[in-house]
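See structure below.
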Amino acid sequence: MGKLKALDKNLNLTDKRIILRVDLNVPMLEGKVTDKSRINKVIPIIKEFTKKKAKVILISHLGRPKGKIDEKLSLKPIAPILENLLNSKVYFSNKSYGSTVIEKSNEIKSGEVLLLENVRFNREEESNEGNFAKELAKIGDIYVNEAFSCSHRAHASVCEITKYIDSYAGKLLFEEVNAINMLTNKAEKPISCIIGGSKISTKIGILSNLVKKMQTIVIVGAMANNFIKYKGHKIGKSLFEKNQENLLKDIIKKCATNNCKLILPEDVIVAKSFKSESKLKSLNKIDDTDLILDIGENTVNKIYKIIDESKTILWNGPAGYFELEKFSTGSNKIAKKITENTKNKSLTSIAGGGDTIAAINKFGCSNGFTYISTAGGAFLELLEGKILPGIKVLEINE
Ligand code: 3PG
Ligand code: MG
């Protein structure tokens, strides 16, 4: 990775409009934020700019609305939370670009904040469109990327925008990249990776590259459903990614040739719906009406053994639908076991991802890890050795 462009500490920012690309993609349940970690993390950064009398324009996405307006994914509920934490005025704009937004960005007083609506309500964001990026760039004088967790996305507010405005890598972005690089470059073997969560499409491709760097890969959560199905078991109504057979075959083959152990669930917790009773089942007992929502006890014990054998553990993605108590056991036990070993056996542990952080916080383990990153997918891609598009555009061309 080349050197990244950093903002000069002594630059006079008075009345300058700073576009801060942040990641306010926080876990929500029925319109309420269930974990504020990602918000808390950017508060000191925003404060630094407001103290310097800048006008701060916040751009973020929430969820995956796929270019359409979806009220459930509005960033509006985040504005009062920010206002409360920042102790300064936060305006919300229900548009994320255009003349009214530009006007508002000029109108707000220095030291005030303007939060723009979910940038992914615009189709052009994900297609990284030039004209759209140009419009976004008009809302500020300087652009700072503080969303390391989005930097694996070649999207307009992360990549293309940097062509049209003076752009810099933010302090948090530097910190995260450095911490992950440092910890993973000197990582002691055996290194194990626990991958779960529901973003199957994001992570499934990453697996085949991670195989070369890990001694063990543990697959849990919705990610595992693909493998369970591939092995010939029923997965009922569970989440899975279609047409991935060749990729799965390749991952399994690569694990064998690279001497990487692949650990899959042996038993699972199922239910007929989120609301109905949960049941422990072995894989061959899963039926067409089941939903797999957590890993079972035998699987947990197997993971305990892997954690005990490891010198370095990387964890991204919960083991089940931990938001509900009855499906939280797997994630809870993983979090507690890693915490215990990090404290007693000097295990190096790195966790990342919005939901993973939420789970870790919920189980009271936030002090139990060597490092916790805000990023999930970006963290895994950095680990793979990939050049992240959002970081590439901030490199100094020498
Ligand atoms: C994340 O939660 O990992 C980031 O906010 C990126 O979200 P995405 O996977 O929907 O691009
Ligand atoms: Mg996420």
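Read the numbers this way: they start at 1 and go in the same order the structure lists the ligands and their atoms.
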Answer whether the closest heavy-atom distance between the side chains of Lys311 and Lys345 falls below 4.5 Å. no
With the threshold set at under 4.0 angstrom, would you say His155 reaches ligand 1 through any of its heavy atoms? no
Assess Lys89 against Tyr91: is NZ or CZ under 6.0 Å from the centre of the six-membered ring, and within 45 degrees of the ring's axis? yes
Taking 4.0 Å as the limit for heavy-atom contacts, which would you say applies to Glu126 with ligand 1: side chain only, backbone only, both, or neither? neither
Between Arg120 and ligand 1, which residue portion shows a heavy-atom distance shorter than 4.0 Å: side chain, backbone, both, or neither? side chain
Within ligand 1, which atoms have a heavy atom of Asp23 less than 4.0 Å away? 4 (C), 5 (O)
For Phe174, which residues count as a ring-ring contact (aromatic ring centres under 6.0 Å, His included) partner, sequence neighbours excluded? none
Cation-aromatic face contact Lys138/Tyr97, 6.0 Å, 45 degrees: no
Per side chain to side chain donor-acceptor pair (under 3.5 Å), Asp290 is matched among Lys234, Lys279, Lys272, Lys285 by Lys272
As an exercise, identify every atom of ligand 1 less than 4.0 angstrom from a heavy atom of Asn25. 1 (C), 2 (O), 4 (C), 5 (O), 7 (O)
By number and element, which atoms of ligand 1 are closer than 4.0 Å to a non-hydrogen atom of Arg64? 8 (P), 9 (O), 10 (O)
Below 4.0 angstrom, N of the basic side chain to O of the carboxylate: do Lys362 and Glu323 qualify? no
Just by distance, no angles: are the side chains of Thr312 and Thr348 close enough, under 3.5 Å, to form a donor-acceptor pair? no
Give the atoms of ligand 1, by number and element, whose distance to some non-hydrogen atom of Lys199 is under 4.0 Å. 1 (C), 2 (O), 3 (O), 7 (O), 8 (P), 9 (O), 10 (O)
Among the heavy atoms of Gly354, does any lie under 4.0 Å from an atom of ligand 1? no
Check each atom of ligand 1 against the heavy atoms of Arg153 and keep those under 4.0 Å away; list them by number with element. 8 (P), 9 (O), 11 (O)
